[in-house]
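As structure tokens, the structure follows; a few thoughts come after it.
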Amino acid sequence: MKLAPNVLLAVALAAGCAGTRAAPSTDGARIVRFSLESSFVRRKLDEIGVRPAGGGRSGTVVFLHGRGMAPGDLLWDELFRGLARLGRRAPDVLIVDGGDHSYYHDRREGAWGKYVMHEAIPQGLRRLRADPHLLAIGGISMGGFGALDLARLYRGRFCAVGGHSAALWQAAGETPRGAFDDARDFADHDVFGAAARSNVYGRARVWLDVGSDDPFRATDTAFARLLRKTGGRVTLHVWKGDHQPSYWRTHIGRYLRFYADSLAACARRRG
């Protein structure tokens, strides 16, 4: 399923514009903004940490934004309300800068995956004073792909992984310009191919959701079926909606509950 350029442009513009309005209230959460000079991608990147009021001791969710977006575009009212509803169970949230179309994987322009794992996450955890051993990762659209790819490559690092309207393709020829360098780059980060060979996420819980009218519905649901076939612990939801910020804002409270539950299960296993 290849998205037409005009569809991709519309999605990127809608995503980029919808989150720019500042939230009128953070419901007591503290926002921690910081920049880092990445040696892996050779540029300055702007990150955001969110420490919820009364929470933040229950682990951290690393959250990856979509194509054409920036970390600040995810500071939605619904994010803060969702954290507030979780109370003491609320995790910290680290929103990582993925540039315009990095798809969060190592490629010719820079090692974006290594930057996330070895620069953004460690620096974010230090600023949030968070437990480095209690992590989940998730993302929307481009970020959903990135989360699924990184959790596969760094198996065992995350308690849970979430793909929210994840941008997934089953063949290099289906991908839009900019998502991958070439067919070899796609093959190196082919989550479908990897999942067909083994249970790539191990004990980590996996969440996938997608809108009923989303162009990625077919591939996201196919990926969920594949993960189940190879022994993955998968939750799949298909809710009404399409590939727009209004869909993700509606459901982000559910995402946060999933991550909180998964991090709590990890903590219990650790004793």
Side-chain angles (χ1 to χ4, degrees), residues 8-9 11-52 56 59-80 82-83 90-130 132 135-147 149-150 154 158 162 164 167 178-179 245 248-249 252 255-256 259:
L8 283 169
L9 178 61
V11 168
L13 289 175
C17 292
T20 55
R21 178 177 58 86
S25 171
T26 65
D27 283 285
R30 181 168 62 94
I31 298 174
V32 179
R33 299 178 186 268
F34 65 98
S35 298
L36 64 85
E37 292 285 347
S38 172
S39 61
F40 287 111
V41 299
R42 301 176 297 279
R43 58 184 285 188
K44 180 181 178 182
L45 294 153
D46 299 317
E47 326 292 349
I48 295 177
V50 178
R51 166 56 64 92
T60 301
V61 180
V62 179
F63 210 71
L64 311 179
H65 63 75
R67 183 168 183 165
M69 300 177 77
D73 294 333
L74 301 186
L75 295 179
W76 300 321
D77 301 1
E78 294 87 349
L79 169 71
F80 298 114
L83 290 171
D92 287 330
V93 179
L94 175 62
I95 309 174
V96 175
D97 189 347
D100 180 73
H101 59 276
S102 71
Y103 285 80
Y104 299 94
H105 69 275
D106 295 349
R107 52 194 308 177
R108 280 196 293 264
E109 72 169 25
W112 286 91
K114 291 184 178 67
Y115 140 74
V116 172
M117 299 301 301
H118 302 298
E119 293 177 331
I121 292 177
Q123 291 195 37
L125 294 177
R126 282 197 295 272
R127 285 167 170 81
L128 292 167
R129 299 181 181 180
L135 294 175
I137 190 168
I140 60 176
S141 192
M142 174 181 83
F145 165 80
D149 189 43
L150 287 170
Y154 293 85
F158 301 102
H164 313 299
W248 305 313
R249 293 178 70 152
I252 194 162
Y255 306 161
L256 291 169
Y259 294 122

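Please read all numbers here as calculations on a predicted model, not as lab measurements.
- Side-chain N or O atoms of Asp73 include one that pairs as donor or acceptor with a backbone N or O of Ala70 at under 3.5 Å.
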* To do: Would you sort out whether Val50 and Leu75 count as a side-chain contact (heavy atoms from CB on, under 4.5 Å), showing the intermediate values?
  => CA-CA 9 Å; Val50 178; Leu75 295 179; 4.1 Å; yes

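- Of the candidates Leu64, Leu45, Ile137, Val96 forms a side chain to side chain contact (heavy atoms under 4.5 Å, CB included) with just one, namely Leu64.
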* Asked: Step by step, would you call Leu74 with Met69 a side-chain contact (heavy atoms from CB on, under 4.5 Å)?
  -> CA-CA 9 Å; Leu74 301 186; Met69 300 177 77; 3.4 Å; yes

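- Rounded to the nearest 0.5 angstrom, Arg42 CZ and Glu109 CD are separated by 8.5 Å.
- Closest heavy-atom contact between Ala90 and Leu83: CB-O, 3.4 Å.
- For the residue pair Ala136 and Tyr259, the shortest heavy atom distance occurs at CB-CD2, 3.7 Å.
- Ile48 has its side chain out of reach of Val32: every pair of non-hydrogen atoms, C-beta onward, lies at least 4.5 Å apart.
- Contact record, Ser25 with Phe80: O-CD1, 3.8 Å, taken as the closest heavy-atom pair.
- By the 4.5 Å heavy-atom criterion applied to side chains, Pro122 and Leu125 are not counted as neighbours.
- Salt bridge annotation for Arg249-Glu78: present, with a cationic side-chain nitrogen under 4.0 angstrom from a carboxylate oxygen.
- Between Phe63 and His164, the ring-plane angle classifies as parallel under the 30° and 60° cut-offs.
- Between the CE atom in Met117 and the CH2 atom in Trp112 there is a gap of 16.0 Å [rounded to 0.5 Å].
- Scanning all heavy atoms of the two residues, the minimum distance from Leu128 to Val93 falls at CD1-O, 4.3 Å.
- With sequence neighbours left out, Asp97 forms a salt bridge (Lys or Arg N to Asp or Glu O under 4.0 Å) with no residue at all.
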* When you look at Trp248 and Trp76, which way does the side-chain contact (heavy atoms from CB on, under 4.5 Å) test go after all the steps? -> CA-CA 10 Å; Trp248 305 313; Trp76 300 321; 3.8 Å; yes

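- With respect to the salt-bridge test (charged N to carboxylate O, under 4.0 angstrom), the residues Lys114 and Asp106 qualify.
- Leu256 approaches Leu79 most closely through the heavy-atom pair CD1-O, 3.7 Å.
- Atoms CD and CD1, from Gln123 and Ile121 in turn, are 11.5 Å apart once rounded to the nearest 0.5 Å.
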* Please report the C-alpha distance between Glu47 and Ser35 in whole Å, then the side-chain angles of each, then the deciding distance to 0.1 Å, and finally whether the side-chain hydrogen bond (donor to acceptor under 3.5 Å, both in side chains) criterion is met. => CA-CA 6 Å; Glu47 326 292 349; Ser35 298; over 6 Å; no

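- Under the 3.5 Å distance criterion, the side-chain polar atoms of His65 are matched with a main-chain donor or acceptor of Gly98.
- Of the options Arg129, Arg127, Arg30, Arg51, a salt bridge (charged side-chain N to carboxylate O under 4.0 Å, His left out) to Asp92 is made by Arg51 and by none of the others.
- Taking CE of Met142 as the start and OH of Tyr104 as the end, the distance is 4.0 Å to the nearest 0.5 Å.
- No donor-acceptor distance shorter than 3.5 angstrom exists from the side chain of Arg67 to the backbone of Tyr103, with no hydrogens or angles considered.
- Looking at every heavy atom in both residues, Pro91 comes nearest to Pro52 through O-CG, 3.3 Å.
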